[in-house]
Amino acid sequence: MRIATWNVNSITARLPRLLAWLESSGTDVLCIQETKTTEEAFPTDALAELGYESAVRATGRWNGVAIVSRVGLADVVGGLPGGPEYDGVEEPRAISATCGPVRVWSVYVPNGREVGHPHFAYKLQWLKALRDAVADDAAGDRPFAVLGDYNIAPHDSDVWDPTAFIGATHVTPEEREALAALRATGLDDVVPRPLKYDQPFTYWDYRQLGFPKNRGMRIDLVYGNDPFRSAVSDAYVDREERKGKGASDHAPVVTDLTV
DNA sequence: ATGTCAATGTTGCATTGA
């Protein structure tokens, strides 16, 4: 079984590449972030033609998450129970479902914008709520994983130049401690292998030749429990999908399971 | 093969977020 996560940066803009990639990669379950569309405008029909069911949590211009599966899609829960609001709005950043033998979450963790910004406090609150919401499944016997754009680089080696991130979000002790608290529920990082270079970056800024210069970050993560990790046979970042015209600024992270 | 991209409102550019 092949499970992947991909921040597509608008499913509308990415649809041709998304459909082609699903077919060429043979992905069974894809966790999607930044759909940037309404649930009504989500391309449910186009995905159904390829044999995928869709579960979507989205409200429009910003954020939006989905899970698409060709191995079953049951017990869908939209949103993050107990999660904080931002500016009085519950943003669409989480959805979970059971796909065959595996339960998965697709998450788009708040960016944080700047250290000290209200969005940064919101990011930490959101991660705390996520930890509480997944604790039972993380400790369970069923393969379980939280996949998505965490907007955190777990280690200094997960950014192209740590000195370029001094004082920035995505690398602070507070954010990394929030990840550690999430791992303490029984989850751990399924680190993918890179297809080129040494570091498995998943995101490269569109600006300033980020991708050609390999100025990347590993911020799209797969956090699985013991039964999930025991079933992992391979994991890699499909950097080929970051190339060329019409690419997202994130590459898919692909995980193969023997279930 | 690469010196942003995408959605939306203030609409054919400016604004916002990433």
Side-chain angles (χ1 to χ4, degrees), chain A residues 5-21 24 31-43 46 56-66 84-94 106-127 147-153 158-161 164-172 175 194-197 199 201-221 237-253:
Chain A
T5 181
W6 190 11
N7 179 324
V8 296
N9 185 21
S10 169
I11 198 164
T12 306
R14 217 63 58 215
L15 189 60
R17 285 185 73 135
L18 171 66
L19 296 175
W21 185 79
S24 65
C31 296
I32 301 171
Q33 300 85 38
E34 282 210 84
T35 60
K36 289 187 170 180
T37 189
T38 60
E39 291 178 11
E40 294 72 25
F42 190 88
V56 187
R57 183 82 165 182
T59 55
R61 183 178 188 183
W62 306 118
N63 313 308
V65 289
E85 296 183 340
Y86 188 72
D87 267 352
V89 176
E90 184 197 335
E91 297 178 320
R93 294 180 175 276
S106 176
V107 299
Y108 179 46
V109 177
N111 174 287
R113 298 188 187 162
E114 294 173 15
V115 176
H117 192 284
H119 209 261
F120 188 78
Y122 166 61
K123 180 179 195 174
L124 297 178
Q125 290 164 4
W126 200 94
L127 286 161
L147 304 92
D149 179 355
Y150 281 70
N151 273 313
I152 303 172
D158 292 316
V159 298
W160 61 276
D161 179 6
F165 289 86
I166 293 171
T169 61
H170 294 55
V171 298
T172 66
E175 290 164 286
L195 295 185
K196 189 179 179 183
Y197 305 120
Q199 293 155 293
F201 296 147
T202 66
Y203 162 83
W204 300 259
D205 200 305
Y206 282 127
R207 295 164 289 191
Q208 294 160 341
L209 287 173
F211 184 64
K213 293 180 177 175
N214 198 35
R215 293 180 172 177
M217 306 172 73
R218 185 173 77 94
I219 56 176
D220 299 272
L221 309 177
V237 182
D238 190 357
R239 75 184 297 282
E240 296 300 308
E241 196 52 43
R242 180 62 179 77
K243 294 181 176 179
K245 188 175 168 63
S248 171
D249 43 0
H250 296 251
V253 179

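Sequence lines set the chain letters: A, B, ... in the order given, protein chains first and strands last, and positions in each chain run from 1. Nothing here was measured: the structure is a model prediction, and the numbers come from that model.
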5′-ward residue of the pair A/His119/A/Ser10 relative to DNA chain B = A/Ser10

Nearest-angstrom distance from the residue atom CG of A/Asp220 to C1' of B/dA18 | 13 Å

Side-chain donor or acceptor of A/Asn151 paired with backbone N/O of A/Val109 under 3.5 Å | yes

Look up atom OH in A/Tyr108 and atom CH2 in A/Trp126, then write down how far apart they are to the nearest 0.5 Å.
-> 11.0 Å

Listed nucleotide nearest any side-chain atom of A/Pro212, set B/dG17, B/dT2, B/dT4 = B/dT2

Which nucleotide in B/dA6, B/dG17, B/dT4 has an atom nearest any side-chain atom of A/Arg14 | B/dA6

When all nucleic acid strands are considered with a 4.0 Å heavy-atom cut-off, which category describes A/Thr12: base, sugar-phosphate, or nothing?
-> sugar-phosphate

When we call it a touch if two heavy atoms are under 4.0 Å apart, what does A/Tyr108 touch: a base, just sugar-phosphate, or nothing?
-> sugar-phosphate

Span that lies between the P atom of B/dA14 and that of B/dT10, in whole angstrom = 15 Å

Of the candidates B/dG17, B/dA7, B/dT4, the side chain of A/Ala13 sits closest to B/dA7

For atom CD1 of A/Ile152 and atom P of B/dA18, their distance in whole Å | 14 Å

Euclidean distance for C1', B/dG3 against B/dA7 (whole angstrom) = 23 Å

Taking the same atom, C1', in B/dT11 and in B/dA6, what whole-Å distance lies between them?
-> 15 Å

Do A/Asp149 and A/Tyr203 get their side chains close enough for a donor-acceptor pair, meaning under 3.5 Å?
-> no

Walk me through it: do A/Lys243 and A/Arg239 pass the test side-chain contact (heavy atoms from CB on, under 4.5 Å)?
-> CA-CA 7 Å; A/Lys243 294 181 176 179; A/Arg239 75 184 297 282; 3.6 Å; yes

In terms of the nearest nucleotide of DNA chain B, which residue is placed more toward the 5' end: A/Trp62 or A/Gln208?
-> A/Gln208

A/Glu241 and A/Ser248: side chain to side chain donor-acceptor pair (under 3.5 Å), yes or no, with the steps?
-> CA-CA 8 Å; A/Glu241 196 52 43; A/Ser248 171; over 6 Å; no

Nucleotide nearest A/Leu209 when distance is taken to its side chain, options B/dT4, B/dT2, B/dT16 = B/dT2

How close or far is atom P of B/dA18 from atom CH2 of A/Trp6, stated in whole angstroms?
-> 20 Å

Could you tell me the separation between the NZ atom of A/Lys245 and the C1' atom of B/dG3, rounded to a whole number of Å?
-> 15 Å

Calculate the interatomic distance between A/Glu91 atom CD and B/dA18 atom C1'; express it in whole Å.
-> 13 Å

Look at all strands and tell whether A/Arg215 reaches a base, only sugar-phosphate, or nothing, counting heavy atoms closer than 4.0 Å.
-> nothing

To the nearest 0.5 angstrom, please state how far the OG1 atom of A/Thr59 sits from the NZ atom of A/Lys36.
-> 12.5 Å

Write down the distance separating the P atoms in B/dG12 and B/dA18, rounded off to the nearest Å.
-> 26 Å

Tell me: NE2 of A/His117 to P of B/dT16, nearest whole Å?
-> 12 Å

Should A/Arg61 be listed as having a side-chain N or O under 4.0 Å from OP1 or OP2 of B/dG17?
-> no

Just how far, in rounded Å, is P of B/dA18 from CD of A/Glu114?
-> 11 Å

Rounded to whole angstrom units, what separation is found between the NZ atom of A/Lys36 and the P atom of B/dT4?
-> 17 Å

